[in-house]
Amino acid sequence: LPCQTIPETLRDRFSGVSTRIPLLHGEDAIYINFDNAASTPPLHAVQSGVDRFVEYYASVHRGTGFKSQLSTWAYETARAATLRFVDADPAERTCIFVKNSTEAINKLAHRLNLEPDDVILTTVMEHHSNDLPFRAVAETVHIDVCPDGSLDEDDFDRKLTQYSDRVRLVSISGASNVTGFLNPVRRLAAKSHAAGAYFMVDSAQLAPHRTIHIGALDEPDHFDFIALSAHKMYAPYGTGALIGRTDVFSHGDPDLRGGGTVDIVTLDDVVWADTPERDEAGSPNVVGAVALALAIRELTEIGMDVVAQHETELTAYALETLSQVPDVHIFGDTNPTRAHERLGVIPFLLEGKSHFLVSAILGYEFGIGVRAGCFCAHPYLLRLLDVDTEAARRVREKMVAGDRRDIPGLIRISFGLYNTTEEIDRLAQALEAIQRGDYQGRYTQDASSGEYRPEGWAPDFNSYFPLA
Ligand SMILES: Cc1ncc(COP(=O)(O)O)c(C=O)c1O
């Protein structure tokens with residue numbers, strides 16, 4: 001399918017994609033959202049489905065009225081849909097609803113009952129959420145990346161062998177939130193299992209863009225655990241999921257204790273409920289779970305192959321277009337013919353201009369939302385930008401002193417299913433204008449955040465969405 005024909009039908013399925021927003025010079029423009037790796041707008045089907053559902057909403061589990069029973073049914077149906085989405089067999093897998101991938105990974109780190117000298121293997125390219133939770137519970141060892149930012153599989157093999165008697169878990173992102181690199185997770189899973197370790201795929205980035213097959217436990221290349229976030233899958237209602245081995249979740253204490261997690265409590269004893277109840281303390285986010293199930297239904301109807309194809313075409317187009325903009329330096333894989341081997345997440349710099357400044361001008365003067373900085377992946381950014389230890393130490397010192405002006409970083413665009421090639425053209429034109437100095441505002445940098453703001457103007461958010 002040629003790129004232009006897909007978005008017309010796909011774009012109509014999303015809320016908020018035609019919203020006009022104010023620009024610095026008094027005009028307005030239809031907002032371009034190129035920050036989908038951070039969070040996505042809702043599909044109409046999700047938004048309207050949630051609106052219908054709240055008419056029936058009541059607290060789940062043990063409520064005896066019709067609404068409570070319907071809500072319980074909807075919550076458990078959403079759980080089954082989430083398992084089906086990753087092709088998980090409910091006989092051996094459980095879906096635990098959490099609020100996002102970060103909570104999912106923290107929960108797993110706790111639920112593995114690790115000892116301090118157990119080893120978790122993760123990588124230099126991870127989002128902090130797939131790194132810091134492990135550092136708190138075990139020795140965490142980082143597999144290196146190659147100079148272009150792709151995983152160094154030789155280092156993976158070396159470290160897996162070196163720590164083989166102590167590695168309990170290998171946890172790797174299915175796709176990088178910085179470079180969009182797809183990791184060879186099936187192959188890495190098989191190697192990890194051969195070394196006696198569990199294998200977890202941080203699927204925060206992968207799940208919205210590719211089919212995931214978790215695999216049966218007797219398949220050598222299955223995934224033991226998966227984490228995902230619904231707000232990156234066009235269902236921004238506060239839910240995520242940890243999907244994994246029921247046999248593991250069936251042992252050990254819950255990380256959070258309280259209502260819903262128990263079978264019976266006496267003053268001196270507690271019998272924990274079976275998973276997933278044991279792992280979902282307190283009243284769950286039923287609306288969020290329903291929203292995720294609605295998004296899954298819509299994505300499945302569209303077809304994950306169509307999703308992947310459209311985003312591949314956008315990525316190839318963007319790589320080609322941006323490479324023709326003077327002084328744009330793209331990081332990671334820059335080859336458009338390999339766009340099908342990565343996600344539509346493209347980090348770049350405009351030579352000679354601060355990433356903070358360029359991203360501010362794009363937002364204030366061109367209505368284009370991007371992200372700038374380190375994308376919660378500091379070690380990876382330092383590697384991509386080739387910042388040596390001494391320079392990193394100086395930056396750290398200034399940051400600790402409250403001055404973030406010189407933080408190294410990149411600008412990132414990341415595509416969603418509703419983005420179009422026309423939007424990429426608008427970005428390219430904007431970058432060319434910025435590079436020519438063809439922008440109107442005078443920008444000053446805020447030392448504590450590093451962000452640039454135009455002098456003498458700030459949007460009045462309350463007039464767009466009255467809340468105050
Ligand atoms: C690869 C990766 N893992 C984990 C996370 C954390 O996701 P969340 O913020 O939804 O917890 C993100 C968020 O951007 C991510 O990109």
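When a ligand or atom number is given, it counts from 1 through the structure's own listing order.
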Handout entry: Sub-4.0 Å heavy-atom contact, N130 with ligand 1
Key = no

Within a distance under 4.0 Å of any heavy atom of [X], pick out the atoms of ligand 1 and give their elements.
X: A204; value: 2 (C), 3 (N), 4 (C), 5 (C), 12 (C), 15 (C)
X: H231; value: 8 (P), 10 (O)
X: N100; value: 8 (P), 10 (O), 11 (O)
X: Q205; value: 1 (C), 14 (O), 15 (C), 16 (O)
X: N177; value: 16 (O)

Practice task
Give me the ring orientation class for H222 and H193: parallel if the planes are under 30° apart, tilted from 30 to 60°, perpendicular past 60°.
Solution key: parallel

Practice task
Could you check whether the rings of H61 and Y75 sit parallel, tilted or perpendicular, using 30° and 60° as the cut-offs?
Solution key: perpendicular

Handout entry: Residue, atom name and distance, where the atom is the protein heavy atom closest to atom 12 (C) of ligand 1
Key = H127 CD2, 3.2 Å

Fill in the blank from the handout: atom 1 (C) of ligand 1 sits nearest the protein heavy atom D202 OD2, 3.5 Å

Handout entry: Electrostatic pair E298-R13, nearest N-O below 4.0 angstrom
Key = yes

Handout entry: Under-4.0 Å salt bridge between R79 and E280
Key = yes

Exercise for the section: Establish, for the pair R453 and Y364, whether the NZ or CZ atom is under 6.0 angstrom from the six-membered ring centre and no further than 45 degrees off its axis. Expected result: no

Exercise for the section: Output yes when a side-chain donor or acceptor of T94 lies under 3.5 Å from a complementary backbone atom of T275, and no otherwise. Expected result: no

Problem - Verdict with reasoning, H378 to Y380, per ring-ring contact (aromatic ring centres under 6.0 Å, His included) - result: CA-CA 5 Å; H378 296 176; Y380 193 32; over 10 Å; no

Would you mind telling me if ligand 1 is within reach of the side chain of [X], the backbone, both or neither, using heavy atoms under 4.0 Å?
X: K232; answer: side chain
X: T102; answer: both
X: S229; answer: side chain

Practice task
For a side chain to side chain contact (heavy atoms under 4.5 Å, CB included) with I407, tell me which candidate from S449, C374, S354 qualifies.
Solution key: C374

